[in-house]
Amino acid sequence: MKINDIFKQPKNNFAAGNFWINLNYLSKGNTDCLKGIFSIFVVICHMRSRILILNDTLLGALCTAMGYLSVSVFFFVSGYGLMSSYQKKGKLYIERFWRTRICPFYIVILVIVAIYAVYELIIGEYFTIFDIIKSITFGNVIIKNGWYLQAALMLYIFFWIVFDLFSQFKGQLRAMLLCCIGYTLLCIALNMGTYWYESVFSFLLGIIWCANKEKIDGKINQKRNYFICLISSFALFSVTLIMGNTGLLKIQGLILACKMISAVSFVLLVLFLIMRMNIQNIVTQKLGTISLEIYVMQGIPLTFFRGGHNGTYRVICNMCLQLPSAPYFWRCFCIP
């Protein structure tokens with residue numbers, strides 16, 4: 001594949017009008033590629049927090065921010081996908097939602113919790129029965145960086161309840177907004193890290209975008225409108241990203257607001273970019289098929305790089321640090 005092909009799309013994918021946009025920018029294939037791409041960015045974010053490079057630099061802050069920004073794309077794709085399925089199948093989709101979407105997803109969580117529990121025992125980490133209970137309910141996870149699974153499950157449950165109770169979109173939208181706000185307040189009350197909720201409103205954006213996609217595409221399918229949206233989203237994202245992640249603001253409420261806005265504006269920026277870019281190739285397609293596995297299993301290899309949150313060294317780190325000849329770069333990885 002030539003580099004120029006990245007920016008090309010098949011002509012039959014484009015909408016007719018003053019300015020062609022790819023009508024399939026949110027197809028199943030494209031959204032899978034998005035998940036694959038941003039699963040790698042999540043790994044990069046978590047890697048950066050475990051190695052002693054780029055500290056106190058703008059690039060380091062950006063790498064760290066890519067964690068919640070990537071999750072915002074995941075949330076958007078989830079909201080968009082659920083709404084798309086609801087539009088196609090109607091009430092029957094909601095009636096079967098518990099056993100077709102929620103239960104299978106929860107079983108995946110249980111399996112991954114079991115895998116991590118065995119792994120933690122093998123490497124000598126300690127956890128209590130209460131840690132397990134929280135891991136299979138809400139509030140804590142022994143799955144390294146696995147909070148996203150609990151958050152996504154909560155949003156699935158909210159979607160199921162809201163769309164079962166309300167039949168009009170306005171009512172559904174208001175109720176989902178209240179659910180997202182309620183989820184945020186719950187996390188704050190439980191003193192959860194801000195990463196648990198700073199991207200959650202992208203899920204709501206996905207629902208809104210899916211419900212209004214034809215209207216949105218019609219408006220953006222003009223050169224002037226497209227570039228206004230592209231530049232505006234980039235400007236809003238850049239400003240809020242800097243204000244929320246570089247220590248310029250000292251008030252926590254304003255920092256959180258900037259991060260939330262940057263998460264939503266980042267999704268918008270990504271959408272406007274993929275309208276005119278081809279992101280599908282053999283690499284992104286393969287990553288897309290294993291994006292969930294990349295996200296949930298990354299914690300196992302990452303534990304080899306440094307000590308855990310409780311300050312204890314991993315087994316392999318203990319071994320390598322005892323060696324007088326241990327390479328300097330490996331010592332840097334292992335320092336907690």
Side-chain angles (χ1 to χ4, degrees), residues 21 23 25-28 30-31 34-35 68-69 71-98 100-102 105 138 148 150-189 194 196-221 225 228-229 232-233 236-237 240 256-272 274-275:
I21 64 171
L23 291 175
Y25 64 95
L26 284 174
S27 65
K28 179 66 164 56
N30 250 28
T31 53
L34 279 178
K35 290 189 291 185
Y68 79 87
L69 295 175
V71 169
S72 69
V73 175
F74 297 155
F75 280 146
F76 173 87
V77 170
S78 295
Y80 183 91
L82 294 183
M83 188 63 189
S84 178
S85 296
Y86 174 74
Q87 288 180 327
K88 295 174 183 176
K89 302 175 184 178
K91 204 67 177 177
L92 182 62
Y93 179 66
I94 299 301
E95 291 173 357
R96 298 177 177 177
F97 193 82
W98 180 262
T100 60
R101 298 303 296 265
I102 295 178
F105 189 61
F138 184 78
Y148 167 77
Q150 288 189 356
L153 181 64
M154 290 286 288
L155 292 174
Y156 274 35
I157 294 173
F158 291 153
F159 182 90
W160 172 59
I161 293 173
V162 166
F163 280 74
D164 186 51
L165 294 177
F166 298 90
S167 57
Q168 298 297 319
F169 181 67
K170 288 185 178 179
Q172 294 166 346
L173 184 60
R174 290 169 185 157
M176 281 304 304
L177 175 60
L178 290 176
C179 286
C180 290
I181 294 174
Y183 168 80
T184 300
L185 294 177
L186 174 64
C187 291
I188 293 174
T194 59
W196 278 77
Y197 50 89
E198 56 199 9
S199 303
V200 71
F201 289 98
S202 296
F203 182 84
L204 186 62
L205 176 63
I207 294 174
I208 297 172
W209 196 279
C210 183
N212 298 278
K213 185 175 183 296
E214 289 187 6
K215 294 180 181 178
I216 294 171
D217 291 351
K219 293 291 185 181
I220 296 177
N221 189 32
N225 291 347
I228 288 175
C229 292
S232 298
S233 61
L236 181 61
F237 166 66
T240 53
L256 176 60
C258 284
K259 285 188 173 183
M260 287 182 163
I261 295 172
S262 67
V264 172
S265 57
F266 178 73
V267 173
L268 293 174
L269 178 61
V270 169
L271 291 175
F272 295 134
I274 65 174
M275 287 178 184

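Heavy atoms only: backbone and side chains are in, while hydrogens, waters and symmetry mates are out.
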Quick test of your reading: applying salt bridge (Lys or Arg N to Asp or Glu O under 4.0 Å), list the pairs with at least one residue in residues 206-218, sequence neighbours left out, ordered by first then second residue.
K213-D217

State the [atom1]-[atom2] distance between [X] and [Y], to the nearest 0.5 angstrom.
X	Y	atom1	atom2	result
C180	M260	SG	CE	9.5 Å
N30	I274	CG	CD1	5.5 Å
M176	L155	CE	CG	6.0 Å
I220	N225	CD1	CG	8.0 Å

By side-chain contact (heavy atoms from CB on, under 4.5 Å), which residues pair with A263, not counting sequence neighbours?
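Residues passing side-chain contact (heavy atoms from CB on, under 4.5 Å) with A263: Y68, S72, S199, S202.
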
Go through the structure and list residues passing side-chain contact (heavy atoms from CB on, under 4.5 Å) with L205, not counting sequence neighbours.
F76, W209, V264, V267, L268

Which heavy atom in [X] sits nearest to a heavy atom in [Y], and how many Å separate them?
X	Y	answer
T240	C258	CB-O, 3.4 Å
S78	Y148	OG-OH, 3.9 Å
W196	Y183	O-OH, 2.8 Å

Under the rule for side chain to side chain donor-acceptor pair (under 3.5 Å), what residues qualify as partners of S233, not counting sequence neighbours?
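By the side chain to side chain donor-acceptor pair (under 3.5 Å) rule, S233 matches no residue at all.
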
Less than 4.5 Å apart, side chain to side chain, heavy atoms only: is that true for [X] and [Y]?
X	Y	result
M154	V200	no
L204	L173	yes
V73	F266	yes
I207	L82	no
Y197	L256	yes

Mind jotting down which residue pairs meet the side chain to side chain donor-acceptor pair (under 3.5 Å) criterion with at least one end in residues 79-97? Sequence neighbours excluded, please.
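Non-adjacent pairs meeting side chain to side chain donor-acceptor pair (under 3.5 Å): Y86-Q172, Y93-R101.
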
Atom pairs and distances, side-chain donor-acceptor, residues 158-170, under 3.5 Å, sequence neighbours left out:
from : atom 1 : to  : atom 2 : distance (Å)
W160 : NE1    : I94 : O      : 3.3

Distance flag, aromatic centroids of F75 and F201, threshold under 6.0 Å:
no

List for me each residue that meets ring pair (Phe, Tyr, Trp, His ring centres under 6.0 Å) alongside F105, sequence neighbours excluded, and say none if there are none.
Y156

